[in-house]
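Step one of this worksheet: look at the structure below.
Each chain gets a letter, A, B and so on, in the order its sequence line appears, and its residues count up from 1.
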2 protein chains.
Amino acid sequence: MPFEEGWCCRKRFRECGLKWTQTRQAIIDLLHSKKGHLSAEEIFIEVKKLYPGIGLATVYRTLELLTELGILRKFDFKDGRARYEFIAGKETVEHYHLVCRICGKIIDYEVDLEKQQDPLKDLKNILTERFNFSIERSDIQFFGLCDRCKSLSQKD
Amino acid sequence: MPFEEGWCCRKRFRECGLKWTQTRQAIIDLLHSKKGHLSAEEIFIEVKKLYPGIGLATVYRTLELLTELGILRKFDFKDGRARYEFIAGKETVEHYHLVCRICGKIIDYEVDLEKQQDPLKDLKNILTERFNFSIERSDIQFFGLCDRCKSLSQKD
DNA sequence: GTCCGTGCAAACGTTTTGCATCACC
DNA sequence: GGTGATGCAAAACGTTTGCACGGAC
(Lines give C-alpha, C1' and ligand atoms only; values in the text may rest on other atoms or scores of the structure.)
Protein backbone atom coordinates (compact mmCIF):
# COMPACT_ATOMS: atom_id res chain seq x y z
CA MET A 1 0.00 0.00 0.00
CA PRO A 2 1.93 3.00 -1.25
CA PHE A 3 -0.06 5.78 0.39
CA GLU A 4 -1.80 5.88 3.71
CA GLU A 5 -5.47 5.56 2.80
CA GLY A 6 -7.07 7.18 5.76
CA TRP A 7 -9.16 9.81 4.15
CA CYS A 8 -12.06 8.88 1.93
CA CYS A 9 -14.39 11.23 0.15
CA ARG A 10 -16.21 8.79 -2.07
CA LYS A 11 -19.46 9.62 -0.32
CA ARG A 12 -18.83 13.34 -0.57
CA PHE A 13 -18.13 12.97 -4.25
CA ARG A 14 -21.39 11.10 -4.85
CA GLU A 15 -23.34 13.79 -3.04
CA CYS A 16 -21.87 16.38 -5.37
CA GLY A 17 -22.64 14.29 -8.44
CA LEU A 18 -18.96 13.62 -8.98
CA LYS A 19 -17.46 10.29 -9.86
CA TRP A 20 -14.98 8.62 -7.61
CA THR A 21 -11.95 7.50 -9.55
CA GLN A 22 -8.68 5.88 -8.64
CA THR A 23 -6.62 8.84 -9.78
CA ARG A 24 -8.63 11.22 -7.63
CA GLN A 25 -8.25 9.00 -4.61
CA ALA A 26 -4.55 8.58 -5.32
CA ILE A 27 -4.01 12.36 -5.37
CA ILE A 28 -5.95 12.77 -2.14
CA ASP A 29 -4.03 9.92 -0.49
CA LEU A 30 -0.71 11.37 -1.55
CA LEU A 31 -1.44 14.85 -0.20
CA HIS A 32 -3.08 13.48 2.92
CA SER A 33 -0.13 11.30 3.81
CA LYS A 34 2.68 13.58 2.71
CA LYS A 35 1.47 16.69 4.49
CA GLY A 36 3.93 18.62 2.38
CA HIS A 37 3.62 21.46 -0.06
CA LEU A 38 3.64 19.66 -3.35
CA SER A 39 3.46 21.18 -6.80
CA ALA A 40 1.32 19.77 -9.60
CA GLU A 41 4.39 18.36 -11.28
CA GLU A 42 5.59 16.65 -8.08
CA ILE A 43 2.14 15.15 -7.56
CA PHE A 44 2.08 14.03 -11.18
CA ILE A 45 5.43 12.24 -10.87
CA GLU A 46 4.42 10.58 -7.62
CA VAL A 47 0.99 9.40 -8.77
CA LYS A 48 2.47 8.21 -12.06
CA LYS A 49 4.37 5.56 -10.11
CA LEU A 50 1.03 3.97 -9.20
CA TYR A 51 -0.95 4.85 -12.31
CA PRO A 52 1.54 5.23 -15.15
CA GLY A 53 -1.20 6.24 -17.57
CA ILE A 54 -2.15 9.42 -15.75
CA GLY A 55 -1.80 12.75 -17.57
CA LEU A 56 -0.65 16.05 -16.15
CA ALA A 57 -3.90 17.71 -17.22
CA THR A 58 -5.86 15.33 -15.02
CA VAL A 59 -3.69 16.27 -12.08
CA TYR A 60 -4.38 19.96 -12.65
CA ARG A 61 -8.11 19.36 -13.10
CA THR A 62 -8.27 17.23 -9.98
CA LEU A 63 -6.31 19.74 -7.92
CA GLU A 64 -8.63 22.53 -8.99
CA LEU A 65 -11.68 20.42 -8.15
CA LEU A 66 -10.37 19.43 -4.74
CA THR A 67 -9.46 23.02 -3.99
CA GLU A 68 -13.00 24.15 -4.87
CA LEU A 69 -14.38 21.45 -2.59
CA GLY A 70 -12.23 22.79 0.23
CA ILE A 71 -10.27 19.56 0.53
CA LEU A 72 -7.03 21.14 -0.63
CA ARG A 73 -5.62 24.62 -0.46
CA LYS A 74 -3.47 26.25 -3.08
CA PHE A 75 -0.44 28.22 -1.92
CA ASP A 76 2.07 30.43 -3.62
CA PHE A 77 5.64 30.61 -2.37
CA LYS A 78 6.86 32.83 -5.20
CA ASP A 79 8.84 30.20 -7.00
CA GLY A 80 6.63 30.26 -10.06
CA ARG A 81 4.55 27.20 -9.30
CA ALA A 82 1.49 26.62 -7.16
CA ARG A 83 1.65 24.23 -4.22
CA TYR A 84 -1.11 22.24 -2.66
CA GLU A 85 -1.88 21.11 0.86
CA PHE A 86 -4.52 18.91 2.37
CA ILE A 87 -6.73 21.03 4.63
CA ALA A 88 -10.07 19.19 4.97
CA GLY A 89 -11.16 19.01 8.58
CA LYS A 90 -8.95 21.94 9.50
CA GLU A 91 -11.41 24.72 8.73
CA THR A 92 -10.66 26.58 11.94
CA VAL A 93 -6.92 26.30 11.56
CA GLU A 94 -4.89 29.19 10.30
CA HIS A 95 -1.66 28.29 8.69
CA TYR A 96 1.46 30.45 8.46
CA HIS A 97 4.56 29.69 6.46
CA LEU A 98 8.15 30.61 7.09
CA VAL A 99 10.09 30.44 3.83
CA CYS A 100 13.88 30.52 3.88
CA ARG A 101 15.17 32.76 1.13
CA ILE A 102 18.39 30.78 0.81
CA CYS A 103 17.51 27.09 0.94
CA GLY A 104 13.78 27.41 0.25
CA LYS A 105 12.86 25.36 3.29
CA ILE A 106 9.26 25.85 4.38
CA ILE A 107 8.32 25.77 8.04
CA ASP A 108 4.65 25.43 8.96
CA TYR A 109 3.04 27.03 11.95
CA GLU A 110 -0.58 26.27 12.63
CA VAL A 111 -2.97 28.03 14.96
CA ASP A 112 -6.35 26.50 15.72
CA LEU A 113 -8.59 29.51 16.17
CA GLU A 114 -11.12 27.42 18.10
CA LYS A 115 -8.56 26.38 20.68
CA GLN A 116 -5.98 29.14 20.64
CA GLN A 117 -6.24 32.88 20.42
CA ASP A 118 -5.93 34.36 16.97
CA PRO A 119 -2.56 36.13 16.82
CA LEU A 120 -3.95 38.43 14.16
CA LYS A 121 -7.16 39.28 15.99
CA ASP A 122 -6.29 42.93 16.59
CA LEU A 123 -5.06 43.54 13.08
CA LYS A 124 -8.12 41.86 11.58
CA ASN A 125 -10.42 43.96 13.75
CA ILE A 126 -8.71 47.16 12.64
CA LEU A 127 -8.98 46.23 8.98
CA THR A 128 -12.58 45.03 9.22
CA GLU A 129 -13.74 48.20 10.94
CA ARG A 130 -11.73 50.63 8.95
CA PHE A 131 -12.60 49.36 5.50
CA ASN A 132 -15.82 47.43 6.21
CA PHE A 133 -14.07 44.47 4.61
CA SER A 134 -15.07 40.90 5.49
CA ILE A 135 -11.93 38.84 5.86
CA GLU A 136 -12.56 35.27 4.74
CA ARG A 137 -9.06 34.03 4.34
CA SER A 138 -5.59 35.11 5.28
CA ASP A 139 -2.55 34.44 3.24
CA ILE A 140 0.50 34.94 5.37
CA GLN A 141 4.06 34.16 4.55
CA PHE A 142 7.23 35.24 6.28
CA PHE A 143 10.44 35.27 4.31
CA GLY A 144 13.85 35.27 5.91
CA LEU A 145 16.61 32.99 7.11
CA CYS A 146 16.11 29.60 8.68
CA ASP A 147 18.17 28.38 11.62
CA ARG A 148 20.65 26.50 9.49
CA CYS A 149 21.19 29.12 6.79
CA LYS A 150 21.58 31.79 9.45
CA SER A 151 24.47 30.00 11.16
CA LEU A 152 26.06 29.11 7.84
CA SER A 153 26.00 32.73 6.69
CA GLN A 154 27.43 33.97 10.00
CA LYS A 155 30.55 31.84 9.50
CA ASP A 156 31.52 33.70 6.32
CA MET B 1 5.33 66.39 -18.11
CA PRO B 2 3.47 63.09 -18.03
CA PHE B 3 4.84 61.63 -14.84
CA GLU B 4 5.79 63.31 -11.64
CA GLU B 5 9.55 63.26 -11.66
CA GLY B 6 10.29 63.55 -8.01
CA TRP B 7 12.41 60.53 -7.42
CA CYS B 8 15.83 60.25 -9.00
CA CYS B 9 18.25 57.39 -8.66
CA ARG B 10 20.78 58.39 -11.28
CA LYS B 11 23.43 58.68 -8.61
CA ARG B 12 22.50 55.36 -7.08
CA PHE B 13 22.72 53.73 -10.51
CA ARG B 14 26.17 55.15 -11.10
CA GLU B 15 27.40 53.84 -7.76
CA CYS B 16 26.26 50.37 -8.73
CA GLY B 17 27.91 50.59 -12.13
CA LEU B 18 24.56 50.75 -13.84
CA LYS B 19 23.64 53.08 -16.63
CA TRP B 20 20.90 55.59 -16.26
CA THR B 21 18.54 55.47 -19.19
CA GLN B 22 15.34 57.23 -20.13
CA THR B 23 13.29 54.05 -20.04
CA ARG B 24 14.48 53.20 -16.56
CA GLN B 25 13.65 56.66 -15.31
CA ALA B 26 10.27 56.51 -17.03
CA ILE B 27 9.37 53.23 -15.29
CA ILE B 28 10.45 54.63 -11.93
CA ASP B 29 8.51 57.84 -12.52
CA LEU B 30 5.40 55.94 -13.48
CA LEU B 31 5.42 53.71 -10.43
CA HIS B 32 6.42 56.54 -8.15
CA SER B 33 3.56 58.75 -9.28
CA LYS B 34 0.87 56.12 -9.72
CA LYS B 35 1.34 54.42 -6.37
CA GLY B 36 -0.75 51.58 -7.70
CA HIS B 37 -0.18 47.89 -8.21
CA LEU B 38 0.77 47.75 -11.84
CA SER B 39 1.59 44.68 -13.88
CA ALA B 40 4.47 44.53 -16.34
CA GLU B 41 2.02 44.76 -19.24
CA GLU B 42 0.31 47.82 -17.78
CA ILE B 43 3.66 49.49 -17.23
CA PHE B 44 4.69 48.59 -20.77
CA ILE B 45 1.55 50.17 -22.27
CA GLU B 46 1.93 53.31 -20.18
CA VAL B 47 5.64 53.84 -20.84
CA LYS B 48 5.10 53.11 -24.54
CA LYS B 49 3.09 56.34 -24.76
CA LEU B 50 6.26 58.27 -23.98
CA TYR B 51 8.80 55.97 -25.56
CA PRO B 52 7.04 54.09 -28.36
CA GLY B 53 10.15 52.08 -29.14
CA ILE B 54 10.32 50.33 -25.79
CA GLY B 55 10.10 46.54 -25.69
CA LEU B 56 8.29 44.40 -23.14
CA ALA B 57 11.50 42.54 -22.35
CA THR B 58 13.14 45.78 -21.25
CA VAL B 59 10.25 46.42 -18.91
CA TYR B 60 10.68 43.00 -17.33
CA ARG B 61 14.44 43.41 -17.05
CA THR B 62 14.09 46.85 -15.52
CA LEU B 63 11.45 45.70 -13.05
CA GLU B 64 13.66 42.85 -11.92
CA LEU B 65 16.62 45.17 -11.53
CA LEU B 66 14.67 47.76 -9.57
CA THR B 67 13.24 45.05 -7.35
CA GLU B 68 16.74 43.76 -6.59
CA LEU B 69 17.84 47.29 -5.75
CA GLY B 70 14.96 47.56 -3.29
CA ILE B 71 13.32 50.40 -5.19
CA LEU B 72 10.31 48.33 -6.16
CA ARG B 73 8.56 45.40 -4.59
CA LYS B 74 6.95 42.54 -6.44
CA PHE B 75 3.56 41.33 -5.28
CA ASP B 76 1.35 38.43 -6.19
CA PHE B 77 -2.40 38.76 -5.94
CA LYS B 78 -3.10 35.34 -7.44
CA ASP B 79 -4.37 36.57 -10.77
CA GLY B 80 -1.51 35.09 -12.73
CA ARG B 81 0.60 38.20 -13.13
CA ALA B 82 3.07 39.92 -10.89
CA ARG B 83 2.45 43.47 -9.73
CA TYR B 84 4.96 46.10 -8.75
CA GLU B 85 4.97 48.92 -6.26
CA PHE B 86 7.37 51.69 -5.48
CA ILE B 87 8.77 51.15 -1.97
CA ALA B 88 12.08 53.04 -1.80
CA GLY B 89 12.30 55.17 1.30
CA LYS B 90 9.66 53.08 3.03
CA GLU B 91 11.94 50.46 4.49
CA THR B 92 10.25 50.57 7.88
CA VAL B 93 6.76 50.42 6.45
CA GLU B 94 4.85 47.17 6.43
CA HIS B 95 2.21 46.88 3.82
CA TYR B 96 -0.91 44.73 3.99
CA HIS B 97 -3.36 44.10 1.19
CA LEU B 98 -7.04 43.41 1.29
CA VAL B 99 -8.10 41.72 -1.94
CA CYS B 100 -11.79 41.44 -2.80
CA ARG B 101 -12.53 38.01 -4.19
CA ILE B 102 -15.40 39.33 -6.30
CA CYS B 103 -14.30 42.60 -7.89
CA GLY B 104 -10.56 42.18 -7.36
CA LYS B 105 -10.25 45.58 -5.71
CA ILE B 106 -7.08 45.97 -3.68
CA ILE B 107 -7.06 48.03 -0.50
CA ASP B 108 -3.72 49.03 0.98
CA TYR B 109 -3.02 49.35 4.65
CA GLU B 110 0.36 50.58 5.71
CA VAL B 111 1.96 50.48 9.13
CA ASP B 112 5.14 52.38 9.79
CA LEU B 113 6.96 50.23 12.31
CA GLU B 114 9.09 53.17 13.42
CA LYS B 115 6.07 55.25 14.34
CA GLN B 116 3.36 52.74 15.11
CA GLN B 117 3.38 49.48 16.95
CA ASP B 118 3.80 46.39 14.84
CA PRO B 119 0.44 44.56 14.83
CA LEU B 120 2.28 41.31 14.21
CA LYS B 121 4.87 41.80 16.93
CA ASP B 122 3.63 38.94 19.12
CA LEU B 123 3.29 36.49 16.27
CA LYS B 124 6.72 37.37 14.93
CA ASN B 125 8.27 36.90 18.35
CA ILE B 126 6.69 33.48 18.71
CA LEU B 127 7.91 32.39 15.29
CA THR B 128 11.39 33.80 15.75
CA GLU B 129 11.91 32.11 19.09
CA ARG B 130 10.27 28.82 18.26
CA PHE B 131 12.08 28.18 14.98
CA ASN B 132 15.13 30.44 15.35
CA PHE B 133 14.03 31.96 12.09
CA SER B 134 15.02 35.54 11.18
CA ILE B 135 12.04 37.25 9.61
CA GLU B 136 13.17 39.75 7.00
CA ARG B 137 9.96 40.35 5.13
CA SER B 138 6.30 39.64 5.61
CA ASP B 139 3.92 38.90 2.83
CA ILE B 140 0.41 39.37 4.09
CA GLN B 141 -2.77 39.37 2.10
CA PHE B 142 -6.33 39.12 3.28
CA PHE B 143 -8.95 37.85 0.87
CA GLY B 144 -12.65 38.46 1.35
CA LEU B 145 -15.42 40.85 0.44
CA CYS B 146 -15.06 44.60 0.09
CA ASP B 147 -17.68 47.02 1.35
CA ARG B 148 -19.40 47.35 -2.01
CA CYS B 149 -19.47 43.67 -2.98
CA LYS B 150 -20.70 42.77 0.50
CA SER B 151 -23.77 45.01 0.24
CA LEU B 152 -24.44 43.92 -3.34
CA SER B 153 -24.35 40.26 -2.38
CA GLN B 154 -26.63 40.84 0.63
CA LYS B 155 -29.37 42.18 -1.67
CA ASP B 156 -29.66 38.90 -3.56
C1' DG C 1 -26.19 3.49 -22.25
C1' DT C 2 -25.19 7.94 -20.43
C1' DC C 3 -22.33 11.07 -18.71
C1' DC C 4 -18.37 12.53 -16.53
C1' DG C 5 -13.49 11.87 -16.31
C1' DT C 6 -9.42 11.10 -18.84
C1' DG C 7 -5.11 11.27 -21.93
C1' DC C 8 -2.98 13.52 -25.42
C1' DA C 9 -1.58 17.41 -27.80
C1' DA C 10 -2.07 21.92 -28.80
C1' DA C 11 -2.93 26.48 -27.04
C1' DC C 12 -2.47 29.92 -23.65
C1' DG C 13 -0.47 34.02 -21.04
C1' DT C 14 3.31 35.53 -18.57
C1' DT C 15 8.01 35.79 -18.21
C1' DT C 16 12.82 34.80 -19.84
C1' DT C 17 16.58 34.50 -23.08
C1' DG C 18 19.75 34.91 -27.41
C1' DC C 19 21.56 37.95 -30.32
C1' DA C 20 22.64 41.85 -33.03
C1' DT C 21 22.24 46.78 -32.50
C1' DC C 22 22.19 50.95 -29.84
C1' DA C 23 23.37 54.51 -26.46
C1' DC C 24 25.25 55.76 -22.15
C1' DC C 25 29.63 56.62 -19.89
C1' DG D 1 35.43 53.07 -27.97
C1' DG D 2 33.91 49.78 -24.61
C1' DT D 3 30.45 47.89 -22.05
C1' DG D 4 26.05 47.56 -20.54
C1' DA D 5 21.15 48.31 -22.13
C1' DT D 6 17.84 47.58 -25.63
C1' DG D 7 14.42 45.68 -29.18
C1' DC D 8 12.91 41.95 -31.47
C1' DA D 9 11.76 37.30 -31.89
C1' DA D 10 11.78 32.95 -30.24
C1' DA D 11 11.77 30.01 -26.38
C1' DA D 12 10.56 28.65 -21.83
C1' DC D 13 7.53 27.83 -18.18
C1' DG D 14 3.44 26.53 -15.62
C1' DT D 15 -1.16 25.99 -16.62
C1' DT D 16 -5.54 25.48 -19.38
C1' DT D 17 -8.40 23.76 -23.05
C1' DG D 18 -10.43 20.94 -27.16
C1' DC D 19 -11.50 16.68 -28.46
C1' DA D 20 -12.18 11.88 -28.96
C1' DC D 21 -11.95 7.84 -26.07
C1' DG D 22 -12.72 5.22 -21.81
C1' DG D 23 -14.60 4.11 -17.37
C1' DA D 24 -17.93 5.01 -13.42
C1' DC D 25 -22.61 4.80 -12.43
State plainly whether the residues A:E41 and A:R81 are in salt-bridge range, i.e. N to O under 4.0 Å. no
Can a side chain N or O of A:R81 be found less than 4.0 Å away from OP1 or OP2 on D:dT15? no
Neighbour count >12 (heavy atoms, 6.0 Å) for atom CD, B:Q117: no
Nearest whole angstrom, please: distance from the C1' of D:dG14 to the CG of A:L38. 16 Å
Contact under 4.0 Å: A:T23 side-chain N or O vs C:dG5 OP1/OP2: no
Contacts of A:L65 and B:R83 projected onto DNA chain C by closest heavy atom; the upstream (5') one is A:L65
Using a cut-off of strictly less than 4.0 Å, decide whether A:T58 has a side-chain nitrogen or oxygen near OP1 or OP2 of C:dG7. yes
From A:Y109, A:F143, A:F75, residue fulfilling side chain to side chain contact (heavy atoms under 4.5 Å, CB included) relative to A:H97: A:F75
Looking at every strand, decide which applies to B:I54 at a 4.0 Å heavy-atom threshold: base, sugar-phosphate, or nothing. sugar-phosphate
Under 4.0 Å between a side-chain N or O of B:Y60 and OP1 or OP2 of C:dT16? no
So, for B:R83 and B:S39, which heavy atoms are closest and what is the spacing to 0.1 Å? NH1-N, 4.2 Å
List the steps and the verdict of salt bridge (Lys or Arg N to Asp or Glu O under 4.0 Å) for A:K121 and A:D118. CA-CA 5 Å; A:K121 195 181 162 193; A:D118 184 356; over 6 Å; no
Measure CG/A:L56 against C1'/C:dC12 and give the value in whole Å, please. 15 Å
Distance in angstrom units between A:F44 CZ and D:dT15 P, rounded: 13 Å
Is the shortest side-chain heavy-atom distance between B:L38 and B:L31 below 4.5 Å? yes
Ignoring the backbone of A:A57, work out which of C:dT6, D:dG7, C:dC8 is nearest its side chain. C:dC8
d(NZ, B:K48; P, D:dT6) in whole Å: 14 Å
In whole angstrom, give the distance that lies between atom CD of B:E41 and atom C1' of C:dT16. 15 Å
A:L63 CG to C:dT6 C1': how many Å, rounded? 15 Å
B:R24 vs B:P52, nearer the 5' end of DNA chain D by closest nucleotide: B:R24
Regarding A:G53, tell me which of base, sugar-phosphate or nothing describes its non-hydrogen contacts under 4.0 Å with the strands shown. sugar-phosphate
Nucleotide N/O of nucleotides 19-25 of chain C paired with protein N/O under 3.5 Å:
unit_1 : atom_1 : unit_2 : atom_2 : d
C:dC24 : O3'    : B:W20  : O      : 3.2
C:dC24 : O2     : B:K19  : NZ     : 3.2
C:dC25 : OP1    : B:W20  : N      : 3.1

To the nearest angstrom, the OH-C1' distance between B:Y51 and D:dA5 comes to 15 Å
Distance check, rounded to the nearest 0.5 Å: B:L123 atom CG versus A:E94 atom CD? 9.5 Å
Between D:dG14 (C1') and A:K78 (NZ): distance, integer Å: 18 Å
